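One structure below.
These numbers were taken from a predicted model, which means no experiment stands behind them. All values below come from the heavy atoms of this structure, side chains included, with hydrogens, waters and symmetry mates left out.
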Amino acid sequence: MAGGISHHAKDILFKSLSALYQNQALDVYGLHGLPRIKALLPTEFPSVRADERRADTVFLLEDDSILLLEYESNERFIDNHLKYLDYACRMLHTYYQQEKRIRPIRIVVLYTSDVTNAREQLDAGDVFLSSKAVLLGEFNGDAIFHAIEEKVRNGEPLTPEETMKLILVPLMHTRFDRQTMIEKTIELAKTIDDEPKQLHIIAGVLTATDKFIDRSYAEKVKEWIKMNKVFRLLVEELEQEKEEMLKKVMQEKEQAVQRAMQEKEQAIKQTEKRKAIEIAKNLLDVLPIHEIAKRTGLTVAEVADLAKEMDK
């Protein structure tokens, strides 16, 4: 997320969003027939260029394909699709380096209510890129918000679909301006009794509106999040995971060092053994077997076997 949030806080919100989206269908976006979400993936991919461009949201779907989900409020369709092409190339390269295979990539663009028509293709001859456009202006954000608000006021639990819809309400068609709707949505989320659900929704809103939210307000929300009990529990959980990961890395490093030392000792022993055998061969015509064994460190049986080989 933009706006100066720390990497540590990003990790926590990423962890919270992962719990929200895992195993969810994409029907809420108007995307029917796609596999369910398997996991939320990091949005930053290495590049040869020293820039900070990153995708908005990246999902791993149940068929192991990648879903690149972007939020746009403009009609710069060529510029945007060139940006998606860049992301796709980075993702393809990253996963090919890790897995030695090409993962299918799907591109979905959620257009805010500012956009009423969208282009879904970039045709550059042998290079062709297509996307699926979802026009959020076609959704009645006021009606969706009111229905969810009623449930929250009555203490009724929200379904996963309602939770995901609430996250997108600020980008839908409403009678309020976008910043006002962002604030109304977040303030409503704060009143939800289910604290993990609170954090899921607010983290989702911050992610979905990252390009549009007022920065000073976003900072206030992030400070409120840090006071959230669930956030603190996630911090502790993440710290424990990092500590366990560090222990695992250190153990693996120690084991690797021990293996290297054992291999080195084995190599030294093998070298010394070969030298002892060569010396023994040279002494067979000079000294008795017992004396050769004593001088070389070989066993009597080993020297005897050498003598038999030399007699053949």
How long is the gap from [atom1] on [X] to [atom2] on [Y], to the nearest 0.5 Å?
| X | Y | atom1 | atom2 | answer |
| --- | --- | --- | --- | --- |
| L26 | K132 | CG | NZ | 12.0 Å |
| E149 | F145 | CD | CZ | 4.5 Å |
| L67 | I105 | CG | CD1 | 10.5 Å |
| I202 | L199 | CD1 | CG | 7.0 Å |
| L136 | M172 | CG | CE | 6.0 Å |

Donor-acceptor pair, distance only, cut-off 3.5 Å: does the side chain of [X] make one with the backbone of [Y]?
| X | Y | answer |
| --- | --- | --- |
| K211 | Y71 | yes |
| D142 | R175 | yes |
| D123 | G125 | yes |
| T209 | F212 | no |

> What do the steps show when you test H200 against I167 for side chain to side chain contact (heavy atoms under 4.5 Å, CB included), and what is the final call?
Replying inline: CA-CA 9 Å; H200 294 338; I167 288 171; over 6 Å; no
>> Checking side-chain polar atoms at under 3.5 Å, does N74 have a donor or acceptor matched by the opposite partner on D79?
In response: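 No, D79 and N74 have no side-chain donor paired with an acceptor closer than 3.5 Å.
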For the pair [X] and [Y], find out whether any cationic side-chain nitrogen is under 4.0 Å from an anionic carboxylate oxygen.
| X | Y | answer |
| --- | --- | --- |
| R106 | D63 | yes |
| E187 | K190 | yes |
| E291 | R295 | yes |
| R90 | D86 | yes |
| R76 | E72 | no |
| E263 | R259 | no |
| D210 | R215 | yes |

> Taking a hydrophobic cluster as the set of Ile, Leu, Val, Met, Phe, Trp and Tyr residues connected by side-chain heavy atoms closer than 4.5 Å, whether directly or through intermediates, do I268 and M261 fall within one such cluster?
Replying inline: no
> Would you say I102 and F128 are hydrophobically clustered, going by side-chain heavy atoms of ILVMFWY under 4.5 Å?
Replying inline: no
>> So which atom in V115 and which in S73 form the shortest heavy-atom distance, rounded to 0.1 Å?
In response: CG2-C, 3.7 Å
> Nearest heavy-atom pair of A189 and I201: which atoms, and what distance?
Replying inline: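 In this case the closest contact between A189 and I201 is CB-CG2, 3.7 Å.
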> On the ring face of Y96, is K100 found with NZ or CZ under 6.0 Å from the centre and within 45° of the axis?
Replying inline: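 Yes, a cation-pi geometry holds between K100 and Y96.
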> Is the NZ or CZ atom of K184 positioned over F176's six-membered ring, under 6.0 angstrom from the centre and within 45° of the axis?
Replying inline: yes
> Taking the six-membered ring for Trp, is the centroid-to-centroid distance between Y84 and H81 below 6.0 Å?
Replying inline: yes
> Passes side chain to side chain contact (heavy atoms under 4.5 Å, CB included), T159 versus T163? Steps please.
Replying inline: CA-CA 6 Å; T159 66; T163 300; over 6 Å; no
>> Applying side chain to side chain contact (heavy atoms under 4.5 Å, CB included) to L69 and V58, what does each step give before you reach the verdict?
In response: CA-CA 6 Å; L69 187 67; V58 183; over 6 Å; no
